[in-house]
Protein chains: 2
Amino acid sequence: MRKKVAELAGVSEATVSRVLSGVGSVKQETAKRVLEAAERLNYVPSALAQRFALRKSGNLGVILPMLPKVNLFSTYYFSEVLSGIGIAAKRRGYDLLLLFREPEEPRDYANLFRTQKIDACILIGAQDVPSEREALAELKEGHHPFCLVNQRFGGEAYNSVDADQGAGLREAVRHLLARGRRQIGFLNGPAVYSNSRDRLDAYREALAEAGAAYEPERVLLGNYSRKTGYLQAKAVADLVRAGRLDAVIAANDRMAIGLLQGLKELGIRVGDELALIGCDDSDVVRMTDPPLSSIRVPFFDIGREAAERLLDAVANPADAAPFDVKLPVELIERASSMPDGTT
Amino acid sequence: MRKKVAELAGVSEATVSRVLSGVGSVKQETAKRVLEAAERLNYVPSALAQRFALRKSGNLGVILPMLPKVNLFSTYYFSEVLSGIGIAAKRRGYDLLLLFREPEEPRDYANLFRTQKIDACILIGAQDVPSEREALAELKEGHHPFCLVNQRFGGEAYNSVDADQGAGLREAVRHLLARGRRQIGFLNGPAVYSNSRDRLDAYREALAEAGAAYEPERVLLGNYSRKTGYLQAKAVADLVRAGRLDAVIAANDRMAIGLLQGLKELGIRVGDELALIGCDDSDVVRMTDPPLSSIRVPFFDIGREAAERLLDAVANPADAAPFDVKLPVELIERASSMPDGTT
DNA sequence: GTGAAAGCGCTAACAT
DNA sequence: ATGTTAGCGCTTTCAC
């Protein structure tokens with residue numbers, strides 16, 4: 001095929017290669033002939049062969065847990081991050097290889113590099129557990145470029161792009177205080193996610209800063225699912241009725257919505273008796289009643305930033321310093337946290 | 001690397017290859033030595049080189065429109081279908097190559113095969129427009145295996161996996177009639193999606209079958225976005241107040257939710273004055289007030305089925321008959337369509 | 001059952 | 001500026 005193009009254009013195969021890959025110098029006129037010949041024979045070079053010859057897969061891997069039953073992600077989170085990564089990868093000529101990891105599957109990330117399936121990878125939904133730490137350490141040791149999204153590992157300087165969850169939580173607390181709330185609770189997620197820990201720390205700091213009381217009983221625990229939010233409604237309602245709680249910040253929107261539904265059934269008026277704020281500002285918060293205040297996280301940008309930085313590092317390993325980006329978040333105020341909050 | 005494994009095992013490179021790829025016959029004992037050697041040297045074959053030699057990319061392409069601003073998909077739809085495809089591909093040893101198509105980008109699907117980036121592909125969100133038809137015709141002509149998801153093209157026997165939207169709509173109409181509703185409207189999406197046309201046909205059939213009146217003014221049009229549902233609230237409210245409408249079926253949940261919000265603002269009590277049913281049964285329908293009745297579509301299964309059938313066809317081109325699968329849907333009844341519907 | 005060698009379709013020196 | 005040639009790391013005949 002390529003040979004026929006070369007013949008038709010009256011040049012060698014090497015020249016065909018040069019023209020089509022834009023590497024090396026060729027006379028304008030020769031290039032034109034080659035292009036025409038390729039056009040006529042409907043020829044395009046095999047990316048597979050190119051990549052093999054170059055010893056680069058041309059793929060950016062995205063590793064993420066199999067979705068069914070994974071509560072950490074709203075589908076919103078997932079779609080946004082992935083789109084951001086997709087855009088950035090595309091602009092840089094990389095293809096996106098999607099790698100689902102099933103729950104019991106070993107985290108053999110380094111193998112993806114050894115088999116040359118990917119040139120770099122982004123990890124979504126990594127957890128701070130020993131097997132994950134080992135897998136990441138192996139990547140690091142093998143000098144395989146990777147980047148974490150929305151997760152970091154204490155003590156390890158891994159590339160990561162995250163939202164500034166702490167700042168968001170502090171802002172939420174300040175907002176509630178400004179609105180006259182004094183007894184602010186926090187519904188958090190599991191500590192295997194660094195976000196959970198960051199938010200808890202910020203929650204305590206913000207309370208301390210304002211001279212407000214920190215009370216352990218006001219910190220509730222869920223697993224980021226709607227259901228666990230729903231299940232905490234009873235405890236929250238009791239505290240509210242006892243006059244010991246007038247606001248709750250939930251660590252994600254799903255739990256906030258579950259809590260909202262549970263409270264509604266228990267007759268607690270959210271937005272009035274109790275102010276409620278979620279995190280993520282996913283697409284569902286506009287659909288609840290009352291609309292849910294939430295901390296907007298730029299998921300699309302997080303994905304884009306992670307891919308851009310990572311691929312830049314791959315393109316230019318020389319001046320590739322490790323990065324640890326925190327993108328700003330923004331509190332979006334809606335009726336669920338306003339004193340005049342109504343339907 | 002491979003050479004060192006061969007040396008260590010005391011065999012030729014060809015034998016190493018045979019052992020690791022499981023092709024050809026090797027003595028048990030030899031195989032064991034090779035495996036140990038590979039293990040010791042931490043060697044795994046390059047998938048890139050293998051695929052190059054085999055002239056197969058090992059990738060299943062998934063083509064989908066860039067998400068931002070695409071209303072057709074809820075993120076729910078997207079995540080579910082993709083997960084289903086991912087599971088099936090993985091089981092068959094294929095990797096998933098995600099290919100975002102930007103709005104103005106030419107639909108040059110065939111090139112993905114020519115460049116050997118993919119061995120087969122699944123198209124999500126295809127539209128019935130000329131450029132799409134051309135691109136698909138080119139795939140067909142080149143004998144490139146592909147499968148459509150949730151879309152079909154009249155007159156073309158392309159592989160496709162879809163939900164039985166017509167059956168779902170008929171069931172919804174019957175449900176409403178059984179609940180005493182007599183004046184049923186339909187909020188549809190654009191006709192470039194075959195689903196829209198299928199549903200409209202089924203809507204008319206079901207009405208005719210029941211001897212109920214079909215009135216054009218009761219068919220409203222949106223673009224599958226929440227916003228267009230919201231914008232139709234005024235027209236719907238007017239019809240309801242005029243006693244000319246007591247139920248609406250929306251072609252997806254997003255529009256249903258927009259409509260629900262709009263109606264609420266206009267003081268129409270959904271579930272009572274007006275019964276409302278959406279389509280997709282996405283994760284948000286449990287979060288609205290009242291909860292939204294919806295037609296459940298097995299998106300995960302659709303993705304899985306598409307990938308399985310397609311990859312089976314690739315594995316066995318001999319007996320690969322074109323397929324056109326319709327998966328059953330199920331009406332999930334909630335308060336928005338029940339006579340006693342309340343919060 | 002195993003080894004030797006050709007070839008997959010490119011890229012990249014090196015030579016001219 | 002262009003042609004020649006040697007790989008890239010596998011698979012796969014074809015001998016033995």
Side-chain angles (χ1 to χ4, degrees), chain A residues 1-38 41-59 93-95 111-119 315, chain B residues 1-38 41-59 93-95 111-119 315:
Chain A
M1 192 73 242
R2 198 183 45 150
K3 181 178 286 180
K4 304 185 67 173
V5 173
E7 280 176 18
L8 208 160
V11 297
S12 72
E13 294 191 46
T15 298
V16 173
S17 181
R18 278 190 271 256
V19 173
L20 270 52
S21 65
V23 174
S25 44
V26 271
K27 223 192 307 181
Q28 274 277 313
E29 203 255 335
T30 317
K32 186 155 151 285
R33 282 209 321 278
V34 171
L35 256 12
E36 283 170 0
L41 282 86
N42 197 19
Y43 166 82
V44 283
S46 160
L48 187 52
Q50 282 179 318
R51 291 163 173 190
F52 168 65
L54 292 171
R55 284 173 292 283
K56 293 186 46 234
S57 70
N59 291 152
Y94 275 82
D95 288 317
N111 234 17
L112 295 167
F113 288 90
R114 286 193 212 103
T115 57
Q116 303 191 68
K117 285 193 175 186
I118 59 177
D119 299 333
Chain B
M1 192 73 242
R2 200 182 46 150
K3 181 179 285 178
K4 304 184 68 172
V5 173
E7 278 175 20
L8 208 162
V11 298
S12 73
E13 293 191 47
T15 297
V16 173
S17 179
R18 278 191 268 258
V19 172
L20 270 53
S21 64
V23 173
S25 45
V26 269
K27 225 193 302 182
Q28 274 277 310
E29 202 255 335
T30 316
K32 185 154 152 288
R33 284 209 319 276
V34 172
L35 256 14
E36 283 171 1
L41 281 89
N42 196 18
Y43 165 81
V44 284
S46 160
L48 187 52
Q50 283 179 317
R51 290 163 172 189
F52 168 65
L54 292 171
R55 287 174 291 285
K56 293 185 48 235
S57 71
N59 291 152
Y94 276 82
D95 288 317
N111 233 17
L112 295 167
F113 287 90
R114 287 193 211 104
T115 57
Q116 302 191 69
K117 285 193 174 186
I118 59 177
D119 299 333

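Letters A, B, ... are given to chains in the order of the sequence lines, protein chains preceding strands, and every chain is numbered from 1.
A/Glu7 has no carboxylate O lying under 4.0 Å from a charged side-chain N of A/Lys3, or vice versa, which leaves the two without a salt bridge.
Regarding A/Met1, its CE atom lies at a distance of 16 Å from the C1' atom of C/dC8, rounded to whole Å. Atom-to-atom, NZ of B/Lys32 to P of C/dT2 comes out at 14 Å; the value is rounded to the nearest Å. For the pair B/Lys117 NZ and C/dC10 P, the computed distance is 14 Å after rounding to whole Å. Spacing between atom CD of B/Gln28 and atom P of C/dT2 amounts to 11 Å, rounded to whole angstrom units. Rounded to a whole Å, the CZ atom of A/Arg51 is 21 Å from the P atom of C/dC8. Between the NZ atom of B/Lys56 and the P atom of C/dG9 there is a distance of 15 Å, given to the nearest Å.
Phosphate proximity of D/dG3 to A/Thr15: present, with a side-chain N or O under 4.0 Å from OP1 or OP2. In terms of phosphate contacts, B/Ser25 brings a side-chain nitrogen or oxygen within less than 4.0 Å of OP1 or OP2 of C/dG1.
When the ring pair (Phe, Tyr, Trp, His ring centres under 6.0 Å) test is applied to A/Phe52, the partners found at least two apart in sequence or on another chain are B/Phe52.
B/Ser17 OG to B/Arg2 CZ: the interatomic distance, rounded to the nearest 0.5 Å, is 6.0 Å. Within the model, atoms CZ of A/Arg55 and CD of A/Gln116 stand 8.5 Å from one another, a figure rounded to the nearest 0.5 Å.
The shortest distance between side-chain heavy atoms of A/Val26 and A/Thr15 falls below 4.5 Å. The shortest side-chain heavy-atom distance between A/Asp95 and A/Arg51 falls under the 4.5 Å cut-off.
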Can you pull every protein N or O that's under 3.5 Å from an N or O on nucleotides 8-11 of chain D?
residue	atom	partner	partner atom	Å
D/dC8	O4'	A/Arg55	NH1	3.1
D/dC10	OP1	B/Tyr43	OH	2.8
D/dC10	OP1	B/Ser46	N	3.0
D/dC10	OP2	B/Arg2	NE	3.1
D/dC10	OP2	B/Tyr43	OH	3.2
D/dT11	OP1	B/Gln50	NE2	3.1
D/dT11	OP2	B/Ser17	OG	2.0

